[in-house]
Amino acid sequence: MNYRSTRNINQDAVSAAQAIKQGLCNDGGLFMPESIPALTLDDVKALSTKSYAERAAYILSLFLTDYTYEELLADCSEAYSDKRFKGGAAPLATLNDNTSVLELWHGPTSAFKDMALQIMPRLLSRALTKTGEERTAFILVATSGDTGKAALEGYCDVDKVKITVFYPVDGVSRVQKLQMATQKGGNVFVCAVKGNFDDAQNGVKKIFSDKTMAQKLDANGYFLSSANSINWGRLAPQIAYYVSAYCDLVAEGKIALGDKMNVCVPTGNFGNIFAAYIAKRMGLPVNKFVCASNKNNILTTFLNEGTYDRNRDFYTTMSPSMDILISSNLERLLYLLGGSERTAAYMKDLTEKGVYTVDADIKAKLDAEFAGYYADEAECAETIKTTFADGYLCDTHTAVAVCAAKKYQEESGDDTYMVVASTASPYKFAADVYKSIKDDADFADDYEALPCLNELSGVEIPEGLATLLSKEVRFEKVIEADAMPEEVLSELGIQ
């Protein structure tokens with residue numbers, strides 16, 4: 001299985017290891033496999049009796065063919081161990097008779113990003129060996145909150161790797177900020193950026209496309225790579241948990257083998273829901289993808305109208321990981337639906353004009369498989385309150401998805417079994433979750449709300465969150481977005 005750019009399939013193909021090591025294509029495009037491997041119902045039936053690590057290793061082996069199954073199984077067994085994922089790697093919780101919640105946040109940072117970022121460093125380490133790389137990998141990350149901590153945790157003290165994370169100074173919760181600022185490890189660095197997530201993301205992309213920067217890094221024994229979901233090594237592991245969810249529905253008797261399921265995903269960068277789409281392209285029986293957005297509902301507008309326009313107001317919401325106006329992984333979907341030439345043209349328009357409109361045939365394909373819904377702040381709060389009253393405590397991002405799923409079910413009349421992706425522990429956004437349930441509550445920040453939410457719900461606080469205030473704050477620097485390149489060089493001691 002080789003990989004090519006979403007913007008130019010005539011560029012030389014590279015191996016999976018090279019794609020994971022490199023992160024981004026030389027032309028600015030994203031790596032995609034030359035073909036989508038098949039997953040049969042017999043495969044699904046066999047996987048239904050396996051552990052999560054075995055399921056993940058099998059799915060990854062179909063895409064990462066220059067890795068052996070034994071290597072992948074060893075890495076998955078370590079990454080998804082009970083020690084790292086207390087409560088299971090991706091368990092299903094029943095919400096009602098026709099909906100289950102796929103809990104992806106039982107890892108060390110209490111967010112779904114752990115599902116990929118506990119395995120990705122292992123894939124990269126093997127990639128460096130497989131490609132004969134002698135330089136140090138410099139991981140550069142822009143985060144809207146959860147990716148940063150998960151990447152820092154995954155790459156902490158990994159040999160031949162350094163990692164720097166940039167985040168919007170006022171665009172993450174206090175808990176998310178503390179998680180990053182207190183990160184241990186001799187190879188990690190964290191810095192806040194004035195602006196929003198897109199400012200940080202654009203800064204990272206500019207560094208990646210800067211040839212002078214690449215030459216400086218190379219001369220000093222470094223090369224750039226990414227832990228964001230633009231890297232195929234980050235996205236591929238996410239495919240596995242949708243396959244696993246289907247296996248569990250079958251094993252639990254909620255659906256029969258071959259029945260379809262619907263999937264609803266709260267998404268800003270589109271990587272999580274795109275992973276589910278890849279699972280369907282492989283052969284997993286999925287009927288409809290419900291893309292759930294918050295008040296920054298750029299994806300809802302795109303799916304409903306066919307026009308992607310980032311020239312719009314930006315809102316800071318109680319679901320900050322979705323406060324995004326540039327959904328990088330949407331490019332991969334456009335590539336599958338319309339080919340590299342049209343994708344390159346759309347991305348050029350997005351860069352130069354901030355807007356593009358897809359052709360009618362692509363819009364028709366989107367309509368056939370996707371539905372876009374969003375929840376504003378009031379709807380998100382009300383969903384948290386009603387869902388808790390019904391016996392389930394969810395975070396602000398999961399609430400957006402639960403709200404969108406209900407809207408879709410009511411408006412469409414579609415009674416296909418629904419799986420809602422739950423992307424964070426409610427304790428990561430404890431203040432907003434508590435205030436949504438108890439209207440008169442007032443907290444200075446999420447950390448202050450932790451014990452109150454625990455007393456109200458009886459749900460255990462994850463260990464990594466409960467001990468945050470006792471940890472040393474190591475990183476407090478704040479810079480302008482245009483100073484990011486200089487900061488990178490300074491961190492590495494390069495003039």
Side-chain angles (χ1 to χ4, degrees), residues 92-93 95-96 98-105 111-113 115 144-146 197 229 238 241-242 245 261-277 279-280 286-305 308 315-330 333 366-367 369-387 392 394-412 414 416-426 428-429 432-433 436:
L92 283 174
L95 193 62
N96 55 51
N98 204 42
T99 305
S100 284
V101 178
L102 178 60
E103 295 184 341
L104 302 170
W105 43 263
F112 85 101
K113 308 297 175 73
M115 295 299 299
S144 54
D146 290 335
F197 169 75
S229 56
Q238 296 180 263
Y241 52 68
Y242 292 106
M261 68 176 182
N262 286 335
V263 174
C264 182
V265 185
T267 188
N269 216 11
F270 208 76
N272 200 355
I273 195 168
F274 181 73
Y277 179 76
K280 178 177 181 177
V286 179
N287 175 48
K288 202 79 169 184
F289 300 95
V290 181
C291 180
S293 301
N294 64 14
K295 192 176 181 180
N296 292 292
N297 61 331
I298 190 167
L299 286 169
T300 304
T301 302
F302 170 71
L303 291 171
N304 290 334
E305 300 177 8
Y308 193 99
Y315 300 102
T316 299
T317 74
M318 69 172 82
S319 48
S321 296
M322 300 162 66
D323 291 346
I324 295 173
L325 294 183
I326 302 176
S327 303
S328 298
N329 274 288
L330 188 57
L333 178 64
L366 290 170
D367 291 343
E369 298 193 275
F370 288 86
Y373 289 85
Y374 79 97
D376 61 24
E377 294 292 86
E379 290 174 314
C380 181
E382 181 61 22
T383 301
I384 292 171
K385 185 175 185 176
T386 57
T387 303
Y392 188 80
C394 66
D395 88 296
T396 51
H397 303 75
T398 306
V400 168
V402 171
C403 181
K406 288 181 178 178
K407 286 183 179 181
Y408 169 75
Q409 290 169 325
E410 291 171 359
E411 292 184 14
S412 68
D414 184 355
T416 303
Y417 201 94
M418 178 72 75
V419 171
V420 175
S422 177
T423 55
S425 163
K428 293 208 77 168
F429 309 94
D432 284 318
V433 171
S436 297

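A quick note: this is a predicted structure, and the numbers were derived from the prediction, not measured.
- When the ring pair (Phe, Tyr, Trp, His ring centres under 6.0 Å) test is applied to F289, the partners found at least two apart in sequence or on another chain are Y277, F370.
- Here the closest heavy-atom approach between residue P266 and residue A401 is recorded as CD-CB, 3.6 Å.
- Using modelled atom types, one side-chain atom of E377 and one backbone atom of M318 make a donor-acceptor pair closer than 3.5 Å.
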Practice prompt. Apply side chain to side chain contact (heavy atoms under 4.5 Å, CB included) to the pair N294 and D323, showing each step before the final yes or no.
Written response: CA-CA 8 Å; N294 64 14; D323 291 346; 2.9 Å; yes

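- Contact check for N262 versus V290: no side-chain heavy atoms found under the 4.5 Å cut-off.
- With hydrogens and angles left out, the side-chain atoms of Y374 and T301 include no donor and acceptor closer than 3.5 Å.
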Worksheet entry | Candidate pair M322 and N296, rule side chain to side chain contact (heavy atoms under 4.5 Å, CB included), full reasoning | CA-CA 8 Å; M322 300 162 66; N296 292 292; over 6 Å; no

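- Between N98 and T416, the closest heavy-atom pair is ND2-O, 3.5 Å.
- Ring orientation note: the planes of F302 and Y308 are nearly perpendicular, at an angle over 60° on the 30°/60° scale.
- Between atom NZ of residue K295 and atom OG1 of residue T316 there is a gap of 10.0 Å, rounded to the nearest 0.5 Å.
- Contact annotation: the side chain of P320 never approaches that of F197 to less than 4.5 Å [non-hydrogen atoms, C-beta and beyond].
- Between the side chains of N269 and N329, no donor N or O sits under 3.5 Å from an acceptor N or O.
- Using a 4.5 Å heavy-atom threshold, the side chains of D414 and Q409 count as separate.
- Counted by atom type alone, E411 and Y373 present one or more donor-acceptor pairs between their side chains at under 3.5 Å.
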Item to complete: Tell me, with the steps shown, if L102 and V263 meet side chain to side chain contact (heavy atoms under 4.5 Å, CB included).
Response: CA-CA 10 Å; L102 178 60; V263 174; over 6 Å; no

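- For F274, the ring pair (Phe, Tyr, Trp, His ring centres under 6.0 Å) test picks out no residue, with sequence neighbours left out.
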Item to complete: Check step by step if side-chain hydrogen bond (donor to acceptor under 3.5 Å, both in side chains) holds for N287 and Y417.
Response: CA-CA 9 Å; N287 175 48; Y417 201 94; over 6 Å; no

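- Between D395 and V433 the shortest heavy-atom distance is CA-CG2, 3.9 Å.
- For the residue pair Y315/N297, the side-chain donor-acceptor check at 3.5 Å is not satisfied.
- At distances below 3.5 Å, at least one donor-acceptor pair connects side-chain atoms of T386 with backbone N or O atoms of T383.
- Distance check: N272 CG to Y241 OH gives 3.5 Å after rounding to the nearest 0.5 Å.
- We find the CD1-CG distance between I324 and L299 to be 9.0 Å, quoted to the nearest 0.5 Å.
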Discussion item. Set out, in order, the CA-CA distance, both residues' side-chain angles and the distance that settles side-chain hydrogen bond (donor to acceptor under 3.5 Å, both in side chains) for Y392 and N96, then state yes or no.
Written reply: CA-CA 10 Å; Y392 188 80; N96 55 51; over 6 Å; no

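- Among all heavy-atom pairs drawn from S293 and V400, the shortest one is O-CG1, 3.2 Å.
- S327 contributes a side-chain N or O that, together with a main-chain N or O of G268, makes up a donor-acceptor pair within less than 3.5 Å.
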Item to complete: Please assess T387 against L95 for the test side chain to side chain contact (heavy atoms under 4.5 Å, CB included), listing each intermediate value before the final yes or no.
Response: CA-CA 8 Å; T387 303; L95 193 62; 3.8 Å; yes

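- Rounded to the nearest 0.5 angstrom, K288 NZ and K280 NZ are separated by 8.0 Å.
- Shown here for T398 and S422, the closest heavy-atom pair between the two residues is OG1-OG, 2.9 Å.
- Interatomic distance, D432 CG to I384 CD1, rounded to the nearest 0.5 Å: 7.0 Å.
- Closest approach of F429 and A424 over heavy atoms only: CE1-CB, 3.8 Å.
- Each of K428, H397, K113 was scored for a side-chain hydrogen bond (donor to acceptor under 3.5 Å, both in side chains) with D146, with one residue passing: K428.
- For the pair V265 and F112, the minimum side-chain heavy-atom distance is 4.5 Å or more.
- Within the model, atoms CG of N304 and CG of L366 stand 10.5 Å from one another, a figure rounded to the nearest 0.5 Å.
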